[in-house]
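Inspection log for the structure reproduced underneath, given as structure tokens.
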Amino acid sequence: MQMKKNILVTGGAGFIGSNFIRHILAKYKDYKIVNLDKLTYCGNLENLKDISKNKNYKFVKGDIADHKVVERLVKDPT
């Protein structure tokens with residue numbers, strides 16, 4: 001039996017992060033992914049357009065340096 005997991009990905013709107021998210025969602029159907037990205041010069045939500053409506057995916061615009069945002073997402077990723 002596969003254990004349900006929540007994964008927080010930072011910088012997931014970039015090239016590598018978006019491909020990592022897509023890979024995890026395809027391979028592990030029960031995993032939930034929260035993508036925290038500040039959307040600076042290399043972050044682009046177009047990279048994730050194909051999975052934006054996936055029930056196991058959530059995007060949060062924010063900065064990993066903002067400890068309040070990170071703490072909230074770690075405590076309750078939904």
Side-chain angles (χ1 to χ4, degrees):
M1 183 174 143
Q2 189 171 330
M3 192 169 148
K4 290 186 179 183
K5 298 212 183 229
N6 295 314
I7 299 175
L8 175 62
V9 176
T10 59
F15 177 76
I16 294 171
S18 62
N19 282 291
F20 172 75
I21 291 171
R22 202 174 284 102
H23 170 75
I24 294 298
L25 289 174
K27 186 168 182 170
Y28 303 101
K29 303 294 183 192
D30 290 338
Y31 282 27
K32 304 247 186 226
I33 303 276
V34 175
N35 175 12
L36 175 65
D37 198 301
K38 192 174 175 181
L39 296 179
T40 57
Y41 68 95
C42 62
N44 185 349
L45 288 179
E46 286 293 311
N47 291 336
L48 297 157
K49 189 165 64 170
D50 61 318
I51 62 164
S52 64
K53 298 202 187 312
N54 186 308
K55 65 180 174 75
N56 291 336
Y57 171 74
K58 176 181 176 182
F59 172 75
V60 176
K61 184 176 180 183
D63 189 342
I64 190 171
D66 184 342
H67 74 277
K68 289 181 182 179
V69 171
V70 174
E71 184 177 9
R72 177 179 54 87
L73 291 173
V74 169
K75 287 182 178 178
D76 183 18
T78 56

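Hydrogens, waters and symmetry mates are skipped; everything else that's a heavy atom, side chains included, is used.
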task: Could you pull out the closest heavy-atom pair between K55 and K32, with the gap in Å?
output: O-NZ, 4.3 Å

query: Taking 4.0 angstrom as the limit, do E46 and K49 come out as a salt bridge?
result: yes

query: Any link between I16 and V9 through a network of hydrophobic side chains (Ile, Leu, Val, Met, Phe, Trp, Tyr) touching at under 4.5 Å?
result: no

task: Could you check if a side-chain atom of I24 sits within less than 4.5 angstrom of a side-chain atom of K5, using non-hydrogen atoms only?
output: no

query: Applying the 4.5 Å side-chain criterion to the ILVMFWY set and letting contacts propagate, would I51 and Y28 be lumped into a single cluster?
result: yes

- request: Indicate if F15 and I21 have the same hydrophobic cluster label, given that clusters are the connected sets of ILVMFWY residues with side-chain heavy-atom separations under 4.5 angstrom.
  value: no

- prompt: Less than 4.5 Å apart, any side-chain heavy atom of I33 and any of L25?
  reply: yes

- request: Find out if a path of hydrophobic residues (ILVMFWY) with successive side-chain heavy-atom gaps under 4.5 Å connects L73 to I64.
  value: yes

query: Is it the case that one hydrophobic cluster holds both F20 and L48, taking links as side-chain heavy atoms less than 4.5 Å apart, direct or via other members?
result: yes

Which atom pairs, one a donor and one an acceptor, fall under 3.5 Å between side chains of residues 35-43 and the rest of the protein, sequence neighbours left out?
| residue | atom | partner | partner atom | Å |
| --- | --- | --- | --- | --- |
| N35 | OD1 | G12 | N | 3.0 |
| N35 | ND2 | Y57 | OH | 3.0 |
| D37 | OD1 | L39 | N | 2.6 |
| D37 | OD2 | G12 | N | 3.3 |
| D37 | OD2 | A13 | N | 2.9 |
| K38 | NZ | D63 | OD2 | 3.3 |

